[in-house]
Student: 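Handing you this structure, nothing more for now.
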Amino acid sequence: QLLKAILYRQQIMRYTVEDDPQQAFIRYAEAQFERLDEVPRAILHEEVAKAYADYLDENSWTINDNLSVDGDLSKVEMKYWDKGTFRRLINQHYAEALKPTEALKKASTKDYLSLYESKNNVTDYIEYEPTMFEFMFHRVAKYYQEISTADDIQGDWNTEDWWLTDSEFVKADLGTSDSPIIQCLSIFQQIIAYNIKNSKEDVLIFNDYKRLQFVNNILNESEKYMVALEDLKAKHSQNELSAEITALIADQLISDYNDNSDDSIYFDHLKNAKAMCEQAIADFPKSSGAKKCEKIISHIEEPQIHVELNQV
């Protein structure tokens, strides 16, 4: 109830604090941590990290030009802070949110959902978040995914390890960089290792293909992506989530065809995508993956209109 009251104060401040309500909430919330037990404290750290991130995003047009701030930050209005200060504090709060791993593993997500009644998309993947460990790690990973770009890649990173199968990936040495990419991959390592240990097949599959999607978004290596997805699908061929993986593979085949439609190597991609989707529908007709495959087939079968204009 205490945490709910603290978070409710954020809503109230938006309408009652005229001068910088986001800053007012952050400073209020940071004074409340010691009053909370481990799991509620972790949740509040995540909320504060997100508040900092939102503030940075909404005011980036001025913050990006700010110089580094020295001294006591509590005596400086946040609008004068530099970007590096925000990033450092966001990372610190997210790290604190993930710190009580054992307590988070023992806490049922359903017991805390009432805290998020006013927030959108919180329950989109709730079936893959039975404990607050998965729930919290997903929320933190989402932040790092959103700010990761290929420009962050460093030359000494072994990106081949990012494509390893789940049991090998969790043992890979990712290094100690504070890059958003490495932060996100580290989170995936921890949560996938936990899923393997606890034999949660559905949750493991979900997290592993999310990891592969993230890696491909950064590296844009289509062939390695599809090989990794095929390996994951073969390993869990009797699980209905394999239909989800089929949909991902089919989407990639279509994307590769659209980007290379004049190259004969890709001519069979649409046919192969349709065939694998039909098989997934036959194998798991009531699955969400089957529904995605049906949409993919409909897209493939749509009449294509090509218009050529002759120059006069």
Side-chain angles (χ1 to χ4, degrees), residues 6-7 9-33 42-99 116 118-122 136-157 159 162 174-188 210-211 213-220:
I6 293 170
L7 296 179
R9 180 74 68 91
Q10 182 181 25
Q11 308 299 321
I12 297 299
M13 286 180 170
R14 288 175 180 172
Y15 301 103
T16 59
V17 178
E18 293 184 5
D19 186 20
D20 215 339
Q22 191 79 314
Q23 174 178 272
F25 167 72
I26 289 172
R27 291 187 168 169
Y28 162 74
E30 287 183 325
Q32 310 303 315
F33 290 123
I43 293 172
L44 186 57
H45 273 295
E46 193 272 333
E47 288 291 329
V48 170
K50 189 175 185 306
Y52 272 126
D54 288 344
Y55 192 100
L56 173 59
D57 182 59
E58 293 165 6
N59 299 278
S60 60
W61 60 284
T62 57
I63 291 173
N64 287 341
D65 294 328
N66 289 346
L67 299 176
S68 178
V69 177
D70 296 323
D72 186 355
L73 290 175
S74 67
K75 297 180 180 179
V76 181
E77 290 186 57
M78 284 169 52
K79 62 185 178 182
Y80 299 120
W81 293 4
D82 64 290
K83 185 176 181 179
T85 296
F86 278 97
R87 291 287 190 218
R88 176 173 57 80
L89 290 170
I90 291 167
N91 288 341
Q92 285 179 4
H93 282 289
Y94 275 135
E96 289 296 323
L98 302 182
K99 187 174 289 184
Y116 299 91
S118 63
K119 298 182 183 295
N120 296 324
N121 306 319
V122 169
M136 191 62 64
F137 272 59
H138 283 163
R139 288 171 71 83
V140 178
K142 184 175 183 292
Y143 165 74
Y144 287 118
Q145 288 181 65
E146 289 175 347
I147 66 170
S148 293
T149 70
D151 293 337
D152 296 329
I153 297 175
Q154 298 178 17
D156 60 343
W157 289 354
T159 60
W162 302 358
L174 298 175
T176 57
S177 171
D178 61 358
S179 158
I181 297 175
I182 300 302
Q183 296 278 0
C184 187
L185 289 173
S186 177
I187 290 171
F188 274 120
K210 286 293 184 181
R211 182 256 304 191
Q213 281 183 295
F214 169 67
V215 170
N216 190 53
N217 287 338
I218 296 298
L219 299 180
N220 193 26

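The shown structure was predicted, so the numbers you read here are calculated from the model rather than taken from an experiment.
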Student: Would you call Glu47-Lys50 a salt bridge at under 4.0 Å N-O?
Tutor: no
Student: Hey, could you give me the CD/OG distance between Gln154 and Ser177, rounded to the nearest 0.5 Å?
Tutor: 4.5 Å
Student: Kindly compute the distance separating CG (Leu7) from CD1 (Ile43), expressed to the nearest 0.5 Å.
Tutor: 8.0 Å
Student: Nearest heavy-atom pair of Ala150 and Ile218: which atoms, and what distance?
Tutor: CB-O, 3.5 Å
Student: State whether the side chain of Asp65 and the backbone N or O of Thr62 hold a donor-acceptor pair below 3.5 Å, judged by distance alone.
Tutor: no
Student: Could you tell me whether the side chains of Tyr144 and Asn91 share a donor-acceptor contact shorter than 3.5 Å?
Tutor: yes
Student: Does any part of the side chain of Gln22, heavy atoms only, come nearer than 4.5 Å to the side chain of Met13, both counted from C-beta?
Tutor: no
Student: Taking Glu96 for the side chain and His45 for the main chain, is one N or O donor matched with an acceptor at less than 3.5 Å?
Tutor: no
Student: Enter the distance from Gln23:CD to Met78:CE here, rounded to the nearest 0.5 Å.
Tutor: 5.5 Å
Student: Any heavy-atom pair between the side chains of Val215 and Leu185 that's under 4.5 Å?
Tutor: yes
Student: To the closest 0.5 Å, what do you measure between CZ (Phe25) and CD (Gln10)?
Tutor: 4.0 Å
Student: Check whether any side-chain heavy atom of Gln183 lies under 4.5 Å from a side-chain heavy atom of Tyr94, and answer yes or no.
Tutor: no
Student: Should we count CG of Asp72 as having more than 12 external heavy atoms under 6.0 Å?
Tutor: yes
Student: Indicate the atoms forming the closest heavy-atom contact of Val140 with Leu98, along with that distance.
Tutor: CG2-CD2, 3.7 Å
Student: Going through the checks in order, is the side chain to side chain contact (heavy atoms under 4.5 Å, CB included) test met by Trp162 and Trp157?
Tutor: CA-CA 10 Å; Trp162 302 358; Trp157 289 354; 3.7 Å; yes
Student: Under the side chain to side chain donor-acceptor pair (under 3.5 Å) criterion, do Thr85 and Asp82 qualify, and how do the steps go?
Tutor: CA-CA 6 Å; Thr85 296; Asp82 64 290; 2.6 Å; yes
Student: Any side-chain to backbone donor/acceptor pair from Asp57 onto Ala53? Under 3.5 Å, distance only.
Tutor: no
Student: Please find the pair of heavy atoms, one from Ser179 and one from Asp152, that lie closest to each other, and give the distance.
Tutor: OG-CB, 3.9 Å
Student: So that I can tick it off, tell me whether Lys79 and Glu58 are bridged by a salt bridge, with the cut-off set at under 4.0 angstrom between side-chain N and carboxylate O.
Tutor: no
Student: So does Lys142 pair up with Glu146, basic N to acidic O under 4.0 Å?
Tutor: yes
Student: Could you give the distance from CD1 (Ile181) to CD1 (Ile153), rounded to the nearest 0.5 Å?
Tutor: 5.0 Å
Student: Any side-chain heavy atom of Gln145 within less than 4.5 Å of one from Phe188?
Tutor: yes
Student: Please name all residues satisfying salt bridge (Lys or Arg N to Asp or Glu O under 4.0 Å) with Glu30, sequence neighbours left out, ordered by chain then number.
Tutor: none
Student: Working note: Arg87 + Asp178, criterion side chain to side chain contact (heavy atoms under 4.5 Å, CB included); need CA distance, chi angles, decisive distance, verdict.
Tutor: CA-CA 10 Å; Arg87 291 287 190 218; Asp178 61 358; over 6 Å; no
Student: Rounded to the nearest 0.5 Å, what separation is found between the CD1 atom of Ile147 and the CG atom of Leu56?
Tutor: 9.0 Å
Student: Among all residues two or more places apart in sequence or in another chain, which pass the ring pair (Phe, Tyr, Trp, His ring centres under 6.0 Å) test with Phe86?
Tutor: Tyr55, Trp81
Student: I need the minimum non-hydrogen distance between Ile26 and Ala51, along with the two atoms involved.
Tutor: CG1-CB, 3.7 Å
